[in-house]
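For reference, the structure is listed below as structure tokens.
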Amino acid sequence: MPTFPAVSTIAQTIQLSLSPVFMLAGIGAFVNVLAGRLGRVVDRGRMLEALHPKSQGPEHDRHVRELRVLDQRIRLINAGLLLAVLSAVTTCLVVTLLFVAELGRLHIGRGVAFAFIGAMVFLIAALAAFMIEVRVATHALRIRPELLERG
């Protein structure tokens, strides 16, 4: 007859899983920020796509440049979203492995460690994509010096 772990053992496992669960909450907030930025970039892109055929000369060239920047930002945000979601899924895997190991009395500590390392690598890469996207966005926005002078 199989024996089940004691309630205290399950309680300890729950305590161990709290850190990854808090990490999930942070990743969720980060995904929300990325989704918000993506929405704003897409809205701006749609507006420029509507203006683009009606424009000519320097204005037309400016629209093309901005559309290229927006396309680059969309790709970076999508990469960040993918990596953040992979980090969240891998973090869920860590929590699952903790419980499976305890319930099945398995010695899979190395697998749990590798899964957690993977989650952190995905999160670091997502944060890097976010940082690059912010740099692209701020680099594309150059305020003309004459607008900054006191009038």
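Numbers here are sequence positions counted from 1. Quick note: numbers below take in every heavy atom, side chains included, and nothing from hydrogens, waters or symmetry partners.
Once rounded to the nearest 0.5 Å, the distance linking CG of L81 with CD1 of I74 reads 11.5 Å. Interatomic distance, H52 NE2 to R62 CZ, rounded to the nearest 0.5 Å: 12.5 Å. If you take CG on L48 and CG on D43, they are separated by 11.5 Å, rounding to the nearest 0.5 Å. Between atom CG of residue L97 and atom CD1 of residue I108 there is a gap of 4.5 Å, rounded to the nearest 0.5 Å. Within the model, atoms NZ of K54 and NE2 of H63 stand 10.5 Å from one another, a figure rounded to the nearest 0.5 Å. Going from atom CG of L67 over to atom CE of M47 covers 9.5 Å, rounded to the nearest 0.5 Å.
Under a 3.5 Å cut-off, the side chain of S87 and the backbone N or O of L83 do not form any donor-acceptor pair.
Under the 4.5 Å side-chain heavy-atom criterion for Ile, Leu, Val, Met, Phe, Trp and Tyr, L98 and L106 are members of the same hydrophobic cluster. Side-chain heavy atoms closer than 4.5 Å link hydrophobic residues (I, L, V, M, F, W, Y) into clusters, and following such links, even through other members, never connects L93 to L86. No path of Ile, Leu, Val, Met, Phe, Trp and Tyr side chains, each step under 4.5 Å between heavy atoms, connects L24 with V33, placing them in separate hydrophobic clusters. Cluster annotation: V69 is not connected to V41 through the hydrophobic network of ILVMFWY side chains, with a link wherever side-chain heavy atoms come within less than 4.5 Å.
The minimum heavy-atom distance linking I27 with A84 is given by the pair CG2-O, 3.4 Å. Heavy atoms only, all atoms of each residue included: I77 and L34 are closest at CG2-O, 3.5 Å. Contact record, P20 with V94: CG-CG1, 4.2 Å, taken as the closest heavy-atom pair.
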Ignoring hydrogens and angles, write down the donor-acceptor pairs under 3.5 Å from the side chains of residues 112-138, residues two or more places apart or on other chains.
from, atom 1, to, atom 2, distance (Å)
E133, OE1, R37, NE, 2.7
E133, OE1, R37, NH2, 3.0
E133, OE2, R37, NH2, 3.4
E133, OE2, R73, NE, 2.6
E133, OE2, R73, NH2, 2.8
T138, OG1, V134, O, 3.0
T138, OG1, R135, O, 3.2

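For R44, the salt bridge (Lys or Arg N to Asp or Glu O under 4.0 Å) criterion is met by E66, not counting sequence neighbours. With sequence neighbours excluded, no residue forms a salt bridge (Lys or Arg N to Asp or Glu O under 4.0 Å) with D61.
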